[in-house]
Q: 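Can you keep this structure in mind? I'll have questions shortly.
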Number of protein chains: 2
Amino acid sequence: MATGRTHRPATRSRGIPEATVARLPLYLRALTALSERSVPTVSSEELAAAAGVNSAKLRKDFSYLGSYGTRGVGYDVEYLVYQISRELGLTQDWPVVIVGIGNLGAALAGYGGFASRGFRVAALIDADPAMTGKPVAGIPVQHTDDLEKIIKDNGVSIGVIATPAGVAQQVCDRLVAAGVTSILNFAPTVLSVPDGVDVRKVDLSIELQILAFHEQRKAGEETPLETAAGDGALPATAPRGATGEDSADQGPDGDVPAVMPA
Amino acid sequence: MATGRTHRPATRSRGIPEATVARLPLYLRALTALSERSVPTVSSEELAAAAGVNSAKLRKDFSYLGSYGTRGVGYDVEYLVYQISRELGLTQDWPVVIVGIGNLGAALAGYGGFASRGFRVAALIDADPAMTGKPVAGIPVQHTDDLEKIIKDNGVSIGVIATPAGVAQQVCDRLVAAGVTSILNFAPTVLSVPDGVDVRKVDLSIELQILAFHEQRKAGEETPLETAAGDGALPATAPRGATGEDSADQGPDGDVPAVMPA
DNA sequence: TCTTGTGAAAGTGTTCACAGCT
DNA sequence: AGCTGTGAACACTTTCACAAGA
């Protein structure tokens with residue numbers, strides 16, 4: 001268990017469930033769209049549809065924030081936008097640094113959604129001296145050497161890592177040492193951070209693999225295809241090198257080990 | 001989320017829990033690293049540390065796949081790599097199309113992690129005629145007009161949407177009509193799709209907002225301070241009661257890192 | 001001995017269904 | 001009548017702790 005880290009006793013506080021927090025931005029986006037169309041009120045049913053969730057879940061989510069609706073009527077759009085924004089901390093300005101200005105970092109720097117809701121790209125940082133001073137999305141790239149100073153001067157508490165995997169941990173360590181307490185990690189690696197620092201990750205490759213899993217299931221679905229008895233199959237015992245394996249197997253491989261043998 | 005309702009025949013078991021599926025790519029990555037270092041076996045404890053989860057969870061996850069370990073010893077690295085790859089459907093080739101070759105789409109096209117595990121960028125598609133024929137990451141961009149033909153000719157079942165939000169739904173509809181059954185959506189909008197089509201989304205802005213929420217909590221120990229006093233934008237009809245009583249929070253909240261199913 | 005595999009307990013999240021307010 | 005807010009039921013996930021097996 002590596003670090004002590006005895007998990008939290010779950011301070012039963014007045015905390016909002018994590019799953020709810022993860023959906024608030026979704027609601028906010030839907031509400032913002034309604035607001036722009038000057039829609040004054042919305043029912044849980046309508047809003048849920050716009051956000052792609054079901055209405056009971058939405059009502060339950062909102063109930064953690066307080067009683068912001070009006071029975072028989074619905075929710076006041078402007079009012080909810082404000083309450084959710086406040087709950088998410090979007091009524092304040094969040095300076096963000098992006099470290100690693102490759103293709104992805106550059107794309108992130110130029111991403112509109114970034115600037116929109118209270119987030120401001122305070123600096124772009126890259127280790128390549130050739131990049132230093134070069135403007136990307138209108139912001140001049142600064143060198144990694146100045147990372148600590150940049151963080152401190154700008155009061156940055158949120159960092160985005162878009163570096164190659166190999167240097168992500170050390171970049172992370174420096175960010176944390178300099179005072180960053182929230183990290184959005186695009187590098188395909190596990191970051192370890194001290195308690196009190198939040199890390200969220202976005203990994204393309206993982207998302208695709210999850211899709212592939214389901215895709216594969218779909219293809220093999222119609223055919224019940226009994227793995228049939230008799231097989232106990234697969235070296236239930238000693239695994240052996242499967243590296244090269246005869247490949248071959250590509251098809252609807254009917255023998256998902258699945259489920260408990262015994 | 002797409003596949004809400006009519007789900008599996010519910011014929012007991014055989015199903016791997018979604019939370020487990022979402023972690024398999026993580027294990028696979030850690031195992032691949034071990035494999036490259038020619039490590040022959042690994043214990044649940046070691047592997048769990050490398051993947052950033054706890055060992056009980058990992059063992060439980062693996063138990064859904066079958067009994068691939070050896071008690072008193074651990075897991076054979078190569079063997080596990082093979083089994084997980086097969087389970088995820090990575091032993092086959094998945095042609096993928098990316099639609100919307102702006103900054104982000106171009107970055108995705110060049111992203112190494114894409115090509116690595118069985119995923120092959122079969123085509124890049126963009127609506128801008130000026131882009132047509134231009135090579136991005138070595139692949140010539142094709143025009144949206146040919147979308148259906150491209151999907152069919154390449155047997156594509158996974159599509160990546162990196163277009164502006166405004167056109168994402170129509171691109172999605174065309175992909176689905178042409179035969180795509182899994183979509184990775186980078187556009188900040190909710191896509192609606194027929195049953196049987198999976199959608200996963202990656203949304204920068206949402207991730208940042210979730211971080212901001214926790215960040216705010218960390219800082220909030222002193223004054224909840226409502227600057228809202230003169231807000232003015234709030235509708236007079238707004239429900240009352242709002243802000244009286246938050247604060248309170250004291251839980252140091254040392255939360256979990258990473259991972260969040262969609 | 002050591003480590004896996006797994007029932008059972010605990011914790012989280014979702015859905016139901018209806019009481020209560022407008 | 002209509003719609004929110006919520007207890008209670010259900011479903012899923014994580015963690016515990018130990019028996020089984022190498």
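From a predicted model like this one, the values you see are computed outputs, not experimental measurements. Letters A, B, ... are given to chains in the order of the sequence lines, protein chains preceding strands, and every chain is numbered from 1.
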Q: dG7(D) P sits how many Å from Lys60(A) NZ, rounded?
A: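 Going from Lys60(A) (NZ) to dG7(D) (P), I get 7 Å.
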Q: Using the salt bridge (Lys or Arg N to Asp or Glu O under 4.0 Å) rule, collect all pairs that involve residues 184-194 of chain A, keeping only residues at least two apart or in two chains.
A: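 The answer is none; no pair qualifies.
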Q: What residue pairs, at least two apart or across chains, pass salt bridge (Lys or Arg N to Asp or Glu O under 4.0 Å) with a residue in residues 40-59 of chain A?
A: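 For residues 40-59 of chain A: none.
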Q: Give the nucleotide from the list dT4(D), dT14(D), dT14(C) with an atom nearest to the side chain of Arg23(B).
A: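 The listed nucleotide nearest to Arg23(B)'s side chain is dT14(D).
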Q: Rounded off to whole Å, could you give me the CD-to-P distance for the Glu45(A) and dG2(D) pair?
A: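 Atom CD in Glu45(A) sits about 13 Å away from atom P in dG2(D).
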Q: Taking atom P of dT15(C) as reference, at what distance in whole Å does atom CG of Leu58(A) sit?
A: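 That distance rounds to 12 Å.
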Q: Go through dT14(C), dG7(D), dT6(C) for me and flag the one nearest to the Ala19(A) side chain.
A: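 Output: dT14(C).
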Q: Could you tell me which residues satisfy side chain to side chain donor-acceptor pair (under 3.5 Å) with Ser85(A), sequence neighbours excluded, listed by chain and number?
A: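 Side chain to side chain donor-acceptor pair (under 3.5 Å) list for Ser85(A), sorted by chain: empty.
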Q: Among pairs that include at least one residue of residues 61-73 of chain A, which meet salt bridge (Lys or Arg N to Asp or Glu O under 4.0 Å), considering only residues two or more places apart or in two chains?
A: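 Of all non-adjacent pairs touching residues 61-73 of chain A, those that pass salt bridge (Lys or Arg N to Asp or Glu O under 4.0 Å) are Arg23(A)-Asp61(A).
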Q: For the aromatic rings, using the six-membered ring if either is Trp, is the centroid distance between Phe62(A) and Tyr75(A) under 6.0 Å?
A: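 Aromatic pair counts; centres sit under 6.0 Å.
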Q: Among all residues two or more places apart in sequence or in another chain, which pass the side chain to side chain donor-acceptor pair (under 3.5 Å) test with Glu87(A)?
A: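 Glu87(A): side chain to side chain donor-acceptor pair (under 3.5 Å) contacts with Arg217(B).
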Q: Round to the nearest Å and state the distance from Lys57(A) atom NZ to dT12(C) atom C1'.
A: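 After rounding, the reported distance stands at 13 Å.
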Q: Could you please name the option among dG5(C), dT14(D), dG5(D) that lies closest to any side-chain atom of Ser63(A)?
A: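 Closest nucleotide among those given: dG5(D).
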Q: Can you figure out which of dC3(D), dC16(C), dT15(D) approaches the side chain of Asn54(B) most closely?
A: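 Of dC3(D), dC16(C), dT15(D), dT15(D) is nearest to the side chain of Asn54(B).
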Q: Take atom CG of Leu65(A) and atom P of dT4(D), then tell me their distance rounded to the nearest Å.
A: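 Taking CG of Leu65(A) and P of dT4(D), I get 15 Å after rounding.
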Q: Measure from the side chain of Ala56(A), starting at C-beta and using heavy atoms only, and say which of dT4(C), dG7(C), dC16(C) lies closest.
A: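 The answer is dC16(C).
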Q: What are the atom names and distances for every N/O pair under 3.5 Å that joins the protein to nucleotides 18-22 of chain C?
A:
unit_1  : atom_1 : unit_2   : atom_2 : d
dG20(C) : N3     : Arg71(A) : NH1    : 3.2
dT22(C) : O4'    : Arg71(A) : O      : 3.1

Q: Kindly list each side-chain donor-acceptor pair under 3.5 angstrom involving residues 30-40 of chain B, sequence neighbours excluded, with atom names and distances?
A:
unit_1   : atom_1 : unit_2    : atom_2 : d
Thr32(B) : OG1    : Leu28(B)  : O      : 2.7
Thr32(B) : OG1    : Arg117(B) : NH2    : 2.8
Ser35(B) : OG     : Glu78(B)  : OE2    : 2.7

Q: If you compare all heavy atoms of Ala162(B) against all heavy atoms of Phe186(B), which two are closest, and at what distance to 0.1 Å?
A: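 So the minimum-distance heavy-atom pair works out to CA-CB, 4.3 Å.
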Q: Does any non-hydrogen side-chain atom of Gln92(B) lie less than 4.5 Å from one of Gln216(A)?
A: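 Gln216(A) vs Gln92(B): side chains touch.
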Q: Residues two or more places apart in sequence or in another chain: which of them pass side-chain contact (heavy atoms from CB on, under 4.5 Å) with Ala49(A)?
A: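 Ala49(A) satisfies side-chain contact (heavy atoms from CB on, under 4.5 Å) with no residue once adjacent residues are dropped.
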Q: Which range-with-range stems can be found for DNA chain C when each stem has 3 or more Watson-Crick or G-U pairs in a row and both distances sit under 3.5 Å?
A: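 The stems that DNA chain C takes part in, listed by first number, are C:1-22 with D:1-22.
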Q: Can you check the Leu80(A) CG to dC3(D) C1' distance for me, whole Å?
A: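 One finds 14 Å between C1' of dC3(D) and CG of Leu80(A), rounded.
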Q: Mind checking Phe62(B) for me? I need base, sugar-phosphate or nothing, with any heavy atom below 4.0 Å counting as a touch.
A: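 Touches nothing.
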Q: Find the distance Asp61(B):CG to dT6(C):C1' and express it as a whole number of Å.
A: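 Asp61(B) atom CG is separated from dT6(C) atom C1' by 13 Å.
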Q: How many whole angstroms separate atom CD of Glu18(B) from atom P of dT13(D)?
A: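 Rounding to the nearest Å, CD of Glu18(B) and P of dT13(D) are 8 Å apart.
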Q: Check the phosphate of dT4(C) against Ser44(B), side-chain N and O only, distance under 4.0 Å to OP1 or OP2. Yes or no?
A: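 Result: yes.
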Q: Examine dG5(D): is either OP1 or OP2 under 4.0 Å from a nitrogen or oxygen in the side chain of Tyr75(A)? Give yes or no.
A: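 Answer yes for this pair, as a side-chain N or O of Tyr75(A) is under 4.0 Å from OP1 or OP2.
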Q: Would you say a side-chain N or O of Tyr68(B) is under 4.0 Å from OP1 or OP2 of dT3(C)?
A: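 For dT3(C), neither OP1 nor OP2 has a side-chain N or O of Tyr68(B) closer than 4.0 Å.
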